[in-house]
Amino acid sequence: MSTNPENLTVARVAIDLALDRTFDYLLPPEWRDELGIGSQVQVPFGNSRRHGFILDLSAESARPALKPILGPVPNRIRLPEKLIELGRWIADYYLCTQEQAIRALLPGAVRSGRIRPGMERFCRLGEREAAERYLLEHADDARAAGRLRVLKQLLVAAELPYETLLAEANATPAMLATLEKHGLLIQEKRRRDRALFPEGAVLRSEPLPPTPEQAAALAIFDELLESSDPSRVLLLHGVTNSGKTEVYLQAIARTLERGQGAIMLVPEIALTPQTVRRFRARFGDELSVLHSQLTDAERFDQWDRIRRGESRIVIGARSALFAPLARPGLIIVDEEHESTYKQTEAPRYHARDVAVMRGRLEGAVVILGSATPAAETSYNVECGKYRLAEMRSKVENRLDPVIRVVDQRLAGPPEPGKSNYFSRILIEAVHDRLRRGEQSILFLNRRGYARVMLCDHCGFEARCPDCAVTYTYSRQRQTLACHLCGNVIAAPVVCPQCGAPDIRYAGVGTEKIEAAAMALFREARVGRMDSDTMRHPADYERVLDQFRRGELDILIGTQMIAKGLHFPNVTLVGLVNADLGLAMPDFRAPERVFQLITQVAGRAGRGDLRGEVIIQTRNPDNETIQFAARQDFAGFRQFDLEIRKLLNYPPYSHLIAVHFRGPEEAAVLARASRLVEELRPYCHEGIQLTGPEPAPIERIKGKFRYLVLLRGSALRQARRRLRELLLHDHRTDSDVEVYADVDALALL
Ligand code: ADP
Ligand code: ZN
């Protein structure tokens with residue numbers, strides 16, 4: 001063991017190779033002031049030179065003859081120490097390598113080390129008298145004409161950007177260089193942030209006098225801000241238009257007054273120009289917005305601006321959570337129930353949960369806002385871990401829409417060659433709108449990736465008797481399988497409930513619905529919007545604009561149109577197939593359907609006209625649909641939590657899904673089985689280890705997929721073992737890919 005006499009001269013560096021280990025390097029004296037924990041550095045590695053991050057400093061190393069760090073990367077990135085700590089937690093909790101966690105913390109543009117701060121060259125006059133003298137002396141010198149033009153420009157403007165000066169004076173760089181040599185012109189490089197807010201200034205707005213409900217919420221916030229509890233989380237449960245955003249704005253203002261910064265996460269789709277304008281109106285240019293359309297250079301500048309403390313408020317989608325604010329005092333997660341907060345690539349973190357963890361590490365208050373809070377969040381309120389503020393009344397007294405549930409079975413089986421996607425009631429309602437010149441939205445719930453066996457006639461769904469989830473249908477094998485417990489039965493050819501011969505698996509697309517609507521409503525102008533037709537944000541905007549301008553009567557779409565759009569002339573929303581969501585093989589299906597119906601209902605009647613919502617279903621008595629139709633969130637949540645408790649699902653247990661995939665089924669299965677055997681000794685009583693099972697989508701792109709599920713309330717030990725297995729033992733074999741999804745939201 002070599003011990004260095006001077007303290008902390010060994011740097012533990014995580015190298016960008018996803019090895020989940022650090023390497024020791026010597027921190028040379030000349031870099032000791034500048035480099036520390038969080039610095040991105042260049043190090044020699046084998047015969048090459050690589051980038052890495054210093055995760056730790058130490059006084060000694062177990063290895064002899066350490067190589068020295070070569071220096072910082074060119075743009076001198078340094079992550080705040082708290083973020084390094086957060087990254088460590090992510091790697092540990094979400095079972096990924098430290099490098100993967102660090103990658104999540106940093107925009108690629110920043111991590112690459114290639115982008116430098118935006119710089120602009122400015123020119124100003126040297127000594128004024130000298131310039132004037134030069135002008136006089138060279139007045140008749142034709143060769144100096146260009147130089148004279150430059151000086152004249154500068155005499156008027158005092159200072160100009162380099163490029164502007166060249167253009168305005170019709171000058172060449174050589175002319176400027178000559179003037180500089182004579183001391184008549186001075187060049188300066190200055191920092192310039194790229195594209196802050198190209199759309200220009202915004203009128204300032206003042207805080208609104210809070211309503212009683214807002215005041216109550218802010219009082220709890222103030223209390224949390226003053227408290228020294230390590231965990232300070234507030235659930236702001238308020239219906240749409242109850243004034244949640246105004247509460248966010250005022251909470252942020254109070255945080256700034258204390259000299260701290262704030263981060264607000266919103267789902268990407270909600271990061272609209274309106275939202276940004278509202279925040280800019282309150283906070284001006286202290287705001288940074290991180291959205292997916294930024295160029296690398298813009299992203300870099302925003303990141304660096306935040307790190308330098310020039311903007312203390314950050315709004316953005318998921319990854320804004322890792323904004324390098326030095327002292328965040330508040331982290332807001334708006335629409336905290338949104339599943340888009342769960343990252344689908346490694347590290348598969350949930351931004352809401354990481355926000356709570358960052359809040360704890362930084363001593364910041366966390367506000368989770370939603371009209372339909374997630375079960376996990378409601379549960380944490382119930383347990384007394386989170387505080388609760390409820391906002392039940394709308395600020396502007398808008399009428400709630402009328403919600404009707406329509407039994408689609410009454411429509412009978414479809415005649416050959418015809419569709420019966422629309423009930424008579426829905427058809428009539430649309431005709432009504434067409435006559436009155438109002439607009440309709442027909443909404444298709446298409447989270448139907450999984451195949452579900454469904455009877456068109458009686459509404460029967462094939463379900464596992466042991467698990468209360470739907471069976472997954474395999475066409476290839478003609479089986480129904482439960483991916484939770486492993487039950488497998490032969491797929492029926494007639495409906496086991498009513499004997500109808502046309503039992504089939506569900507799967508209706510927006511395309512078919514559009515064709516059916518066009519056939520039914522011949523005079524109507526119909527538009528369609530879904531992720532298949534919308535490849536570019538521009539397509540999306542175009543259809544929305546058409547609809548907004550009233551050039552379309554009916555808009556057909558999927559989840560995409562359920563969120564946050566304002567259309568005052570829409571008075572009817574039809575949810576064509578509410579069942580498809582319910583039939584998903586997933587214990588979260590009822591929650592999603594409730595959220596969806598709530599969101600969809602929010603689209604109807606946002607102007608002065610009262611809206612109507614028609615929910616078509618083959619299960620009109622289904623509890624979720626009933627609760628949603630009454631908009632009884634408390635009732636639904638209690639019902640949903642009771643079932644989850646009974647079946648030991650989250651939030652009553654933790655759930656880790658381990659995915660296996662590869663080109664050869666036998667190899668995938670063998671690998672999964674081996675992992676189960678290796679893991680079993682670490683699963684004490686109370687932990688359920690199930691599988692391997694074919695995943696609900698059994699094959700993607702020619703790769704077979706298997707699932708192993710780990711469920712229990714105390715998973716610590718099993719998780720630690722699983723982490724070792726995944727990141728060390730199981731990484732050598734390249735034929736089968738293995739990864740874990742901790743707190744999995746979807747089991748597909
Ligand atoms: P939410 O975020 O819950 O949907 P908002 O904060 O956007 O609600 O508020 C809805 C509307 O009510 C907005 O137009 C907002 O300007 C207005 N509003 C919010 N709070 C107040 C208040 N205290 N006084 C007057 N108007 C308010
Ligand atoms: Zn089962």
Side-chain angles (χ1 to χ4, degrees), residues 202-222 234-255 262-283 287 289 313 315-317 330-338 340-341 352 355 366-374 377-378 387-401 548 561-568 570 573 595-609 611 631 633-634:
V202 163
L203 227 54
R204 290 297 274 227
S205 80
E206 293 299 318
L208 301 164
T211 63
E213 286 180 333
Q214 286 174 328
L218 285 165
I220 300 179
F221 171 75
D222 284 340
L234 169 62
L235 167 62
L236 188 57
H237 178 193
V239 296
T240 312
N241 265 306
S242 59
K244 292 190 295 295
T245 309
E246 183 62 33
V247 171
Y248 302 153
L249 289 165
Q250 300 198 16
I252 292 173
R254 293 174 193 201
T255 309
I263 298 172
M264 176 161 114
L265 303 187
V266 296
E268 178 81 41
I269 198 157
L271 197 58
T272 59
Q274 290 102 295
T275 314
V276 173
R277 255 200 303 280
R278 211 164 149 192
F279 275 75
R280 276 191 72 204
R282 208 55 74 75
F283 302 114
L287 182 70
V289 181
I313 307 166
I315 311 185
L330 170 61
I331 303 173
I332 297 166
V333 184
D334 190 29
E335 311 281 356
E336 61 87 28
H337 63 275
E338 271 289 329
T340 51
Y341 282 128
R352 175 195 58 222
V366 177
I367 300 181
L368 308 177
S370 175
T372 52
T377 305
S378 298
R387 299 287 298 272
L388 172 69
E390 284 185 287
M391 307 214 297
R392 293 165 195 274
S393 40
K394 305 192 177 194
V395 178
E396 299 152 18
N397 256 320
R398 291 217 179 97
L399 295 172
D400 287 326
R548 204 173 282 127
I561 56 175
K563 281 162 201 164
L565 302 170
H566 260 278
F567 301 111
V570 172
V573 174
Q595 288 164 351
L596 187 69
I597 292 178
T598 305
Q599 258 170 13
V600 166
R603 296 313 109 218
R606 313 241 335 171
D608 305 327
L609 303 164
Q631 282 295 289
F633 180 79

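Both ligands and their constituent atoms are indexed starting at 1 by order of listing. Numbers for residues simply follow the sequence, beginning at 1.
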Could you find the nearest protein heavy atom to [atom] and give me its residue, atom name and distance?
{"atom": "atom 2 (O) of ligand 1", "value": "T245 OG1, 2.6 Å"}
{"atom": "atom 18 (N) of ligand 1", "value": "V395 CG1, 3.6 Å"}
{"atom": "atom 14 (O) of ligand 1", "value": "E396 OE2, 3.4 Å"}

**OP:** Using atom types as modelled and distance alone, determine if a side-chain donor or acceptor of E335 lies under 3.5 Å from a backbone N or O of V266.
**Re:**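 Checked: no pair found.
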Original post:
Counting only N and O atoms by type, is there a donor-acceptor contact under 3.5 Å from the side chain of H237 to the main-chain atoms of A371?
Top reply: yes
Closest approach of [X] and [Y], non-hydrogen atoms and distance?
{"X": "L265", "Y": "A317", "result": "CD2-O, 3.8 Å"}
{"X": "D222", "Y": "R254", "result": "OD2-NH1, 2.5 Å"}
{"X": "V239", "Y": "K244", "result": "O-NZ, 3.2 Å"}
{"X": "A251", "Y": "L218", "result": "N-CD2, 4.0 Å"}

Is [X] near ligand 1, meaning one of its heavy atoms is under 4.0 Å from it?
{"X": "G238", "answer": "no"}
{"X": "R278", "answer": "yes"}
{"X": "V239", "answer": "yes"}

Original post:
Applying a 4.0 Å heavy-atom criterion (strictly less than), which segment of M391 is in contact with ligand 1: side chain, backbone, both, or neither?
Top reply: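 It is neither part, as no heavy atom is under 4.0 Å.
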**OP:** Evaluate the criterion side chain to side chain donor-acceptor pair (under 3.5 Å) for residue pair E336 and T377; output intermediate values, then yes/no.
**Re:** CA-CA 9 Å; E336 61 87 28; T377 305; 2.7 Å; yes
Original post:
At what distance, to the nearest 0.5 angstrom, does CD1 of I367 lie from OH of Y248?
Top reply: 7.5 Å
**OP:** Nearest 0.5 Å please: distance from the CD atom of E213 over to the CG atom of L236.
**Re:** 10.0 Å
I'd like to check which ligand 1 atoms, numbered from 1 as shown, lie under 4.0 Å from a non-hydrogen atom of [X].
{"X": "P209", "result": "22 (C), 23 (N), 24 (N)"}
{"X": "T211", "result": "23 (N)"}
{"X": "N241", "result": "1 (P), 3 (O), 4 (O), 8 (O), 10 (C), 11 (C)"}
{"X": "E246", "result": "6 (O), 19 (C), 20 (N)"}

**OP:** Under the side chain to side chain contact (heavy atoms under 4.5 Å, CB included) rule, what do L330 and F221 come out as? Steps first, then yes or no, please.
**Re:** CA-CA 10 Å; L330 170 61; F221 171 75; 3.7 Å; yes
**OP:** Could you check which of E213, Q214, K244 puts a non-hydrogen atom nearest to atom 23 (N) of ligand 1?
**Re:** Q214
Consider every N or O of [X] and every N or O of ligand 1, then say whether any pair is closer than 3.5 Å.
{"X": "S242", "answer": "yes"}
{"X": "G243", "answer": "yes"}
{"X": "L208", "answer": "no"}

